[in-house]
Amino acid sequence: MTIAKKVSTAMQKSSWIRKMFEEGARLKAEHGAGNVFDFSLGNPNLPPPDEFGSALLDIVSTCGPGSHCYMPQPGHPDVCKSIAAYISEEQGIEIAPGDVIMTCGAAGALNVMLKALLDPGDEVIVPTPCFVEYNFYVDNHGGVLRTVPCNADFSLDLEAIEAAINDKTKAVLINSPNNPTGQIYSEESLKALGELLVSKSQAHDRIIYLLSDEPYRKIVFDGSVVPSIFKAYDQSIVATSYSKDLSIPGERIGFAAVHPRAIHNEEIMAAMALTIRILGFVNAPSLMQRVVADLQGLSVDIGIYERKRDLLCNGLKEAGYDIETPPGAFYLFPKTPIEDDVEFVRQLQKELILTVPGSGFMGPGHFRIAYCVDDDTIVKALPGFKRVMDRYK
Ligand SMILES: Cc1ncc(COP(=O)(O)O)c(C=O)c1O
């Protein structure tokens, strides 16, 4: 066999997702892309803020000798410094430049930290529904993903997490605001999770890390705030990126930051400086590091996503959909009126509406709508959403 068994199995397992994308492509070819309502991808539709283009031009025009060379693995020291200063404010604790490593997006950050932490068979607990790639990332480094369902409102089920912890648990990986639910985990629940991990680390005589994947941190609505995990638990690491809040996912830039009071902070940072190299990233893109360093705290206009959320949520609720109004990210995760979410998504396809079944996110009985699309797409799709729901009333 040419393709490695593991990859071949992964390809087969995700083949129905691929089939849905192929069907979407077929529908676009047949009906014209403008007539197909594509809510399937979390690819931000807003342009990056103007400051992004200006900073890029500025940096390109001032490049000199060495600008395009390798740099220390964690990134340009002045970039790590500027990011440390910003996240110290954001997280409410003092973070040093040496606690930060620049990465190829949040995906790169997660892989770099998981490779640094996991031994074969180590378990990583993930509350579900969750980002579909976590399974691959954990498996990449010999770990085992252990999923734990959230409560019905997609908040953390701490009892379920407690029950899942065992001698093999190396980390709990959370994502807030969440893809696919848009939920933000509350400060109280993170504090309780921190306390649980302190006592469970003692009981199992090994540090259980809290890994927090936060690329949607700035995409929050109704004045919501994403609580700091660094305040909740010392043995924690943040992974994040500028993909979603600056609308630059193709530029592959993000970072990981290790809690300054993590017992093994220095070893973890040193290990990540090695894993970024041996995973083949070597370092995060040099130009993009410099650009984002100048744009700390900036984002696209989040109010635009909030208006899109309201437009879609109100329209779907009127049509009879059962939805938790999400406080963040740019996804809705409504219940499907039938158990078979794949079938429901197929029915939506017949109305030229492309969404993703919840099963793909380990959240069966739901489907995900990525509403980072033009308002026009939302408005024109609503009648089709209603027609499908009407069939099940
Ligand atoms: C929850 C979550 N984590 C990580 C990523 C990867 O982001 P990046 O483009 O920064 O690698 C995504 C992208 O959709 C995501 O939704």
Side-chain angles (χ1 to χ4, degrees), residues 14 17 21 38-46 48 52 75 83 87 100-115 124 126-138 140 145 147 150 154 156 171-185 210-220 226 229 237-257 272 275-276 279-281 283-285 288-289 291-292 295 299-300 305 326-333 355-356 358 360-363 368-373:
S14 56
I17 301 183
F21 285 125
D38 191 349
F39 297 95
S40 62
L41 286 180
N43 204 3
N45 75 315
L46 302 182
F52 172 78
I83 285 167
I87 56 168
V100 174
I101 176 167
M102 301 304 295
T103 59
C104 296
L110 289 166
N111 274 282
V112 163
M113 66 177 68
L114 289 168
K115 183 152 188 80
V124 178
V126 175
T128 58
C130 71
F131 182 48
V132 64
E133 308 294 89
Y134 288 160
N135 201 15
F136 295 128
Y137 297 170
V138 170
N140 280 345
L145 191 80
T147 56
C150 281
F154 306 128
L156 291 176
V172 175
L173 168 58
I174 58 171
N175 164 226
S176 165
N178 183 267
N179 174 10
T181 68
Q183 184 57 284
I184 297 172
Y185 301 140
L210 178 58
L211 312 179
S212 181
D213 180 23
E214 310 189 345
Y216 302 97
R217 169 175 274 280
K218 293 201 188 75
I219 306 181
V220 290
V226 181
I229 62 143
I237 312 178
V238 167
T240 190
S241 76
Y242 301 88
S243 296
K244 312 290 177 169
D245 54 32
L246 287 182
S247 280
I248 54 167
E251 300 300 346
R252 312 308 305 134
I253 187 74
F255 65 87
M272 292 202 295
T275 58
I276 196 169
L279 284 173
F281 298 120
N283 52 245
M288 278 303 137
Q289 289 191 38
V291 173
V292 297
L295 304 179
S299 70
V300 296
Y305 285 132
F330 38 54
Y331 306 105
L332 291 190
F333 203 58
T355 60
V356 186
F361 304 92
M362 289 173 255
R368 191 192 75 170
I369 310 175
Y371 60 84
C372 40
V373 297

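Values below: every heavy atom of this structure, side chains too, minus hydrogens, waters and symmetry copies. Atoms within each ligand, like the ligands themselves, are counted from 1 in listed order.
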(message) If we ignore hydrogens and angles and just use 3.5 Å, is the side chain of Asn43 paired with the main-chain N or O of Asn45 as donor and acceptor?
(response) no
(request) Without swapping roles, check the side chain of Lys244 against the backbone of Phe330 for a donor-acceptor pair under 3.5 Å. (result) no
(request) List the atom of Pro215, the atom of Ser241, and the distance in Å for their closest heavy-atom pair. (result) CB-OG, 3.8 Å
(request) Look at the rings of Tyr305 and Tyr371 and say which category their plane angle falls in: under 30° parallel, 30 to 60° tilted, over 60° perpendicular. (result) perpendicular
(message) Centre-to-centre under 6.0 Å for Tyr331 and Tyr216, is that the case here?
(response) yes
(request) Output the set of protein residues with a heavy-atom contact under 4.0 Å to ligand 1, ordered first by chain identifier and then by residue number. (result) Gly105, Ala106, Ala107, Phe131, Tyr134, Asn175, Asn179, Asp213, Pro215, Tyr216, Ser241, Ser243, Lys244, Arg252
(request) Check for a donor-acceptor pair, side chain of Thr275 on one end and backbone N or O of Val112 on the other, with a separation under 3.5 Å. (result) yes
